[in-house]
Amino acid sequence: MPRDHASARPSQDPSAERRVAPALLAWYDRHRRELPWRARAGETPNPYRVWLSEVMLQQTTVVTVGPYYARFLERWPTVEALAAAQLDEVLHAWQGLGYYARARNLHRCAKAVAAEHGGRFPSSEEGLLTLPGIGGYTAAAVAAIAFGAKATPVDGNIERVVARLFAVETPLPAAKPELKRLAGQLTPETRAGDFAQAMMDLGATVCRPKAPLCLTCPLTRLCAARAQGIAQTLPRRSPKRARPQKHGVVFWIRRPDGAVLMQRRAEEGLLGGLMEFPSTGWREAAWNAKEAIKSAPVEAEWHALPGVVQHGFTHFDIDLTLLVGDVPARTKLDGVWVKPTDFGGQALPTLMTKVARHALGVLAGEGAAPVKARKTAKKKMASS
DNA sequence: GAACCGTGGGG
DNA sequence: TCCCCAAGGTT
């Protein structure tokens, strides 16, 4: 469907575009949020802190990032300190935050800045783009916020604000180039960093995905979607593919001293570099015990643990059942033996934290297993 | 372009 | 309960 040119303009007024940035910056000066990584008005931003926060904030909420940011900054106050850390330390500190490639790239980036840039981040978008884990959004964000460059980061918030302001009805992700172009047109010559943060604040607190607060929005008179009464329906999105359900069987292997076998996952891919309990592959077809045991790392007398651990990833759901096996002391296997009291010292993804909690709860003989898991377990056991 | 890559909270 | 989605990047 063709888009007429009138839609590429906020409201019918041709001068509206030029009024967006002044109106938004005036609003920002009054409603500016205090965030841990945000320099106060008049203070010089610290590029390391801006970069660290921007990477943590990728696809992650402000509330979630808060404590992680504080811990990272205390432990590694400078990019050189972070560069000197071990990758496993960084992964462990990142535990629970998700998208673990960010942690690996964060570490690589710190090393690159320390070793190849004298400990100073490049100040241009182009320079920043060459670093690991820094893509179009983060390069523009750091350039604008930390270095005052005229750059236009476009995140989910800004996509939404711009889609509404210009009533762009093209669905995402196809609309991304157009939204980026339109956002660039709005960016002022000065205060580009404040403008970007103002757009993001507006998207987070006023121009929200659902139930936008158009009555209190500083741009409401300039908003084409508001004029057409379609603000809440934008941006449109192309339908997403359904998430398949996968299944796996975990081998909970115990030594007489109570230690359990853990292994490190491959560096690349899902949960890369993190620790896990050994398991079968994760596939869409269900496993039966006899088949699963073929992929056990050791021979043992296996006992099925009641219950199931369920978890959702971005692109598939998974349920894990557990087989418990006891092996003699001195059993030699790939991996590390870890006592449950030391699980906290390992970089475990949330899925494996759930596995550990479930196993320890059931094996302790009390009702630590989630009620939901028990119900599902009964159903599954009855059908198998 | 499309798939892959986590997690937690809110409606 | 289920779906949405959050300051995206890499392949």
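Residue numbering restarts at 1 for every chain, and letters A, B, ... go by the order of the sequence lines.
Note on A:Thr64: every side-chain N or O is 4.0 Å or more away from OP1 and OP2 of B:dT7. Residue A:Gln59 places at least one side-chain N or O under 4.0 Å from the OP1 or OP2 atom of C:dG8. Checking the phosphate oxygens (OP1, OP2) of B:dG6, no side-chain nitrogen or oxygen of A:His311 falls inside 4.0 Å. Using a 4.0 Å cut-off, some side-chain N or O of A:His315 falls inside it from OP1 or OP2 of B:dC5. The shortest distance between the side-chain N/O atoms of A:Arg160 and the OP1/OP2 oxygens of C:dA6 is below 4.0 Å. A:Thr138 has a side-chain polar atom (N or O) that falls below the 4.0 Å cut-off from OP1 or OP2 of C:dG9. An OP1 or OP2 oxygen of B:dT7 is reached within less than 4.0 angstrom by a side-chain nitrogen or oxygen of A:Tyr100. Residue A:Arg208 places none of its side-chain N or O atoms closer than 4.0 Å to OP1 or OP2 of C:dA6. Contact annotation: A:Arg241 side-chain N/O to B:dC4 OP1/OP2 distance is under 4.0 Å.
Among residues two or more places apart in sequence or in another chain, the side chain to side chain donor-acceptor pair (under 3.5 Å) test is passed with A:Arg243 by A:Asp317.
Contact of A:Thr60 with B:dG8 (side chain to base): no donor-acceptor pair of N or O atoms is detected under 3.5 Å. Side chain A:Tyr137 to base C:dG8: no donor-acceptor pair is found below 3.5 Å. The base of B:dG6 sits within donor-acceptor range of the side chain of A:Thr314, with an N or O pair under 3.5 Å.
Residue contacts for A:Gly136: at a heavy-atom cut-off of 4.0 Å it reaches the sugar-phosphate backbone alone, with no base atom in range. A:Pro349 comes within 4.0 angstrom of the backbone, heavy atoms only, and of no base. Using a 4.0 Å heavy-atom distance criterion, A:Gly96 is classed as a sugar-phosphate-only contact. Among the heavy atoms of the strands, none lies under 4.0 Å from A:Arg108. Among the heavy atoms of the strands, none lies under 4.0 Å from A:Ile158.
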Query raised in the report: Please walk me through it: do A:Arg283 and A:Glu291 pass salt bridge (charged side-chain N to carboxylate O under 4.0 Å, His left out)?
Result: CA-CA 13 Å; A:Arg283 65 181 198 191; A:Glu291 182 188 17; 3.0 Å; yes
Could you give the side-chain donor-acceptor pairs of residues 201-209 of chain A under 3.5 Å, partners two or more places apart or in another chain?
{"residue": "A:Asp201", "atom": "OD1", "partner": "A:Arg33", "partner atom": "NE", "Å": "3.4"}
{"residue": "A:Asp201", "atom": "OD1", "partner": "A:Arg33", "partner atom": "NH2", "Å": "3.1"}
{"residue": "A:Asp201", "atom": "OD1", "partner": "A:Arg38", "partner atom": "NH2", "Å": "3.2"}
{"residue": "A:Asp201", "atom": "OD2", "partner": "A:Arg38", "partner atom": "NH1", "Å": "3.0"}
{"residue": "A:Thr205", "atom": "OG1", "partner": "A:Asp201", "partner atom": "O", "Å": "2.8"}
{"residue": "A:Arg208", "atom": "NE", "partner": "A:Ala211", "partner atom": "O", "Å": "3.3"}
{"residue": "A:Arg208", "atom": "NH2", "partner": "A:Ala211", "partner atom": "O", "Å": "2.9"}

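Heavy atoms from other residues, nucleotides or ligands lying under 6.0 Å from CD of A:Glu74 number 12 at most.
Projected onto DNA chain B by closest heavy-atom contact, A:Lys210 and A:Gly269 fall at different nucleotides, the more 5' of which corresponds to A:Gly269.
Atom name P, nucleotides C:dA7 and B:dG10: the rounded distance is 14 Å, in whole Å.
In summary, the aromatic rings of A:Phe277 and A:Phe343 are positioned with their centroids under 6.0 Å apart.
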